[in-house]
Amino acid sequence: MTNTAGLVVVTGGGGFIGGALVASLRKQGCQNIRAVDVKPFDHWYQRFDDVENLCMDLNEKSTCDVAARGAHDIYNLAANMGGMGFIEKNKALCMLSVLINTHMLQSALKQGASRFFYASSACVYNGDKQKTFEAPSLKEEDAYPALCEDGYGWEKLFSERMSRHFREDFGLYTRVARFHNVYGPWGTWFGGREKAPAAICRKVVEAKAKNKHEIDIWGTGNQTRSFMYIDDCLEGVQKIMNSEILEPINLGSSEAVSINQLVDMVEGIAGIRLERKYDLTQPQGVNGRNSDNTLIQKYLHWEPSISLQAGLEKTYSWIHDQYVAREKGAAGVVREFVTS
Ligand code: NAD
Ligand code: GDC
């Protein structure tokens with residue numbers, strides 16, 4: 001059920017998931033959308049003229065009040081985030097997203113919003129339960145006792161709990177999903193914040209374009225992860241927002257692969273084989289992680305189901321086109337936005 005009448009606010013609307021959510025809401029017939037992001041408009045990944053677009057810093061309480069004014073639904077997707085290469089080196093910046101989450105919850109309450117969605121992460125899970133490369137399936141209860149990803153993960157766990165207490169103490173309708181590594185077109189694919197699927201696609205595109213048959217991989221390549229295609233993420237976000245699920249719940253694919261298998265798949269799509277150079281000095285995070293989907297199946301009789309192969313084919317093709325466009329650009333800069 002999409003809210004097609006009341007105002008829907010998407011924070012982080014200039015980013016990957018926020019931009020895709022705005023695009024999806026429009027397609028579903030929602031005509032009253034406000035997208036908010038700190039990035040200048042020409043850096044938004046997707047931007048639509050028929051949406052109220054606001055360029056504002058949501059670290060500030062006063063701007064959160066403006067963002068939340070008149071909102072029926074708020075999808076709070078704004079955060080300072082990225083893949084392992086970013087979150088391991090920017091722990092303070094990641095923790096500062098607590099300002100966005102604190103102020104957005106306060107403003108949602110103050111402005112009388114009906115519903116609030118918070119995007120948490122698999123990075124809240126206890127590191128001791130992710131030591132094996134055998135892709136341990138993480139159940140929601142595995143977040144405790146807490147031993148989160150340093151910085152980013154602790155902030156996510158804190159903000160999950162704050163969302164819960166705003167619901168319990170103040171009666172604000174809050175829903176929380178723990179996203180497992182999301183990928184797809186319009187996602188960050190270069191610049192340092194990109195996650196493994198986009199990074200590997202870009203490296204393979206580049207190796208092919210430059211006829212340099214090598215690829216550098218962070219770690220041994222034995223690390224395991226599951227990757228969720230953006231369309232599954234969007235469907236899950238709306239299902240969870242519309243559900244009676246009160247506790248934070250996994251939203252991720254349960255198709256785990258090693259990073260080496262991920263590279264195999266991208267090479268297969270590109271029709272190339274590359275010599276692998278393993279760089280053990282780069283950030284690697286946990287050894288293994290998968291999404292246990294028992295709870296989401298129980299509540300929603302649904303789970304993300306788009307295969308990694310199908311999702312990667314679309315993502316590779318999009319990154320390929322972005323790469324070609326960037327190479328052609330005189331200043332070497334791509335503006336990743338579309339208008340309606
Ligand atoms: P993204 O970086 O593409 O989008 C986040 C957006 O928030 C960016 O456009 C950024 O400019 C904006 N933002 C940052 N600080 C801001 C501020 N002070 N004021 C206003 N806007 C600000 O990331 P994404 O992949 O779209 O992630 C969306 C949400 O999902 C985030 O909360 C993220 O932590 C969470 N998440 C994402 C993944 C994933 O794999 N993509 C996994 C787990 C959780
Ligand atoms: O960055 P990420 O996708 O994040 O990395 C997955 C694994 O892939 C890591 O072990 C990393 O070392 C390896 N890897 C190999 N080569 C490369 O070129 C590369 N680039 C990147 N980025 N990784 C490479 C993420 C967080 C997110 C989010 C999700 C939730 O952790 O970074 O912010 O919250 O988790 O699931 P990942 O999966 O460790």
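Just follow the structure's listing: the first ligand is 1, and inside any ligand the first atom is 1.
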Item checked: Side-chain donor/acceptor of Ser253 to backbone N/O of Met228, under 3.5 Å -> no

Check: Does Thr11 use its side chain to pair, donor to acceptor, with the backbone of Ala78 at less than 3.5 Å?
Finding: yes

Is there a nitrogen or oxygen of [X] sitting under 3.5 Å from a nitrogen or oxygen of ligand 2?
| X | answer |
| --- | --- |
| Ile87 | no |
| Lys195 | no |
| Glu194 | yes |

Less than 4.0 Å is my threshold; does some heavy atom of [X] fall inside it relative to ligand 2?
| X | result |
| --- | --- |
| Phe86 | no |
| Lys156 | no |
| Gly221 | no |

Using a strict 4.0 Å threshold on nitrogen-to-oxygen distance, state whether [X] and [Y] make a salt bridge.
| X | Y | value |
| --- | --- | --- |
| Lys239 | Glu303 | no |
| Lys156 | Glu160 | no |
| Asp231 | Lys314 | no |
| Arg175 | Glu244 | yes |
| Arg115 | Asp73 | yes |
| Arg178 | Glu140 | no |

Check: What residue pairs, at least two apart or across chains, pass ring-ring contact (aromatic ring centres under 6.0 Å, His included) with a residue in residues 275-313?
Finding: none

Margin query: Residue-level breakdown please: for Arg225 versus ligand 2, do any non-hydrogen atoms fall below 4.0 Å on the side chain, on the backbone, on both, or on neither?
Written below: side chain

Notebook entry, point to check: Under the 6.0 Å and 45° cation-pi test, does Arg225 pair with Phe227?
Noted result: no

Show me which atoms of ligand 2 lie under 4.0 Å from any heavy atom of [X].
| X | result |
| --- | --- |
| Ala199 | 17 (C), 18 (O), 20 (N) |
| Ile259 | 7 (C), 8 (O), 15 (C) |
| Phe179 | 30 (C), 36 (O) |
| His180 | 36 (O) |
| Gly83 | 1 (O), 32 (O) |
| Lys203 | 17 (C), 18 (O) |
| Cys123 | 26 (C), 34 (O), 35 (O) |
| Met81 | 33 (O) |

Looking only at protein heavy atoms, which one is nearest to [atom], and how far off is it?
| atom | answer |
| --- | --- |
| atom 33 (O) of ligand 2 | Gly82 O, 2.6 Å |
| atom 35 (O) of ligand 2 | Arg289 NH1, 3.5 Å |
| atom 13 (C) of ligand 2 | Gln223 NE2, 3.7 Å |
| atom 16 (N) of ligand 2 | Trp218 N, 3.1 Å |
| atom 10 (O) of ligand 2 | Gln284 O, 2.6 Å |

Margin query: If I compare all heavy atoms of Glu155 with all of Ser159, which pair ends up nearest, and what's the gap?
Written below: OE2-OG, 2.6 Å

Notebook entry, point to check: So, Asp37 and Tyr45: side-chain donor and acceptor under 3.5 Å apart, yes or no?
Noted result: no

Note to self: For ligand 1, give me the residues whose heavy-atom distance to it is below 4.0 Å, by chain and number please.
What the structure shows: Gly12, Gly14, Gly15, Phe16, Ile17, Asp37, Val38, Lys39, Met56, Asp57, Leu58, Asn59, Leu77, Ala78, Ala79, Met81, Ile100, Ala119, Ser120, Ser121, Tyr152, Lys156, Phe179, Asn181, Val182, Lys195

Check: Heavy atoms only: which of Gly285, Ser258, Ser121 is nearest to atom 28 (C) of ligand 2?
Finding: Ser121

Notebook entry, point to check: Who gets closest to atom 12 (O) of ligand 2 by heavy atom: Gly288, Gly219, Pro283, Ala198?
Noted result: Pro283

Next item on the list: Please step through salt bridge (charged side-chain N to carboxylate O under 4.0 Å, His left out) for the pair Lys208 and Glu206, ending with a clear verdict.
Entry: CA-CA 5 Å; Lys208 213 174 162 181; Glu206 189 155 38; over 6 Å; no

Check: Is there a path from Trp189 to Ile215 through hydrophobic residues (I, L, V, M, F, W, Y) whose side chains come within less than 4.5 Å of each other?
Finding: yes

Notebook entry, point to check: In the single-linkage hydrophobic clustering (I, L, V, M, F, W, Y; side-chain heavy atoms under 4.5 Å), do Trp318 and Ile200 co-cluster?
Noted result: yes

Notebook entry, point to check: Do Phe116 and Tyr173 have ring centroids that are under 6.0 Å from one another?
Noted result: no

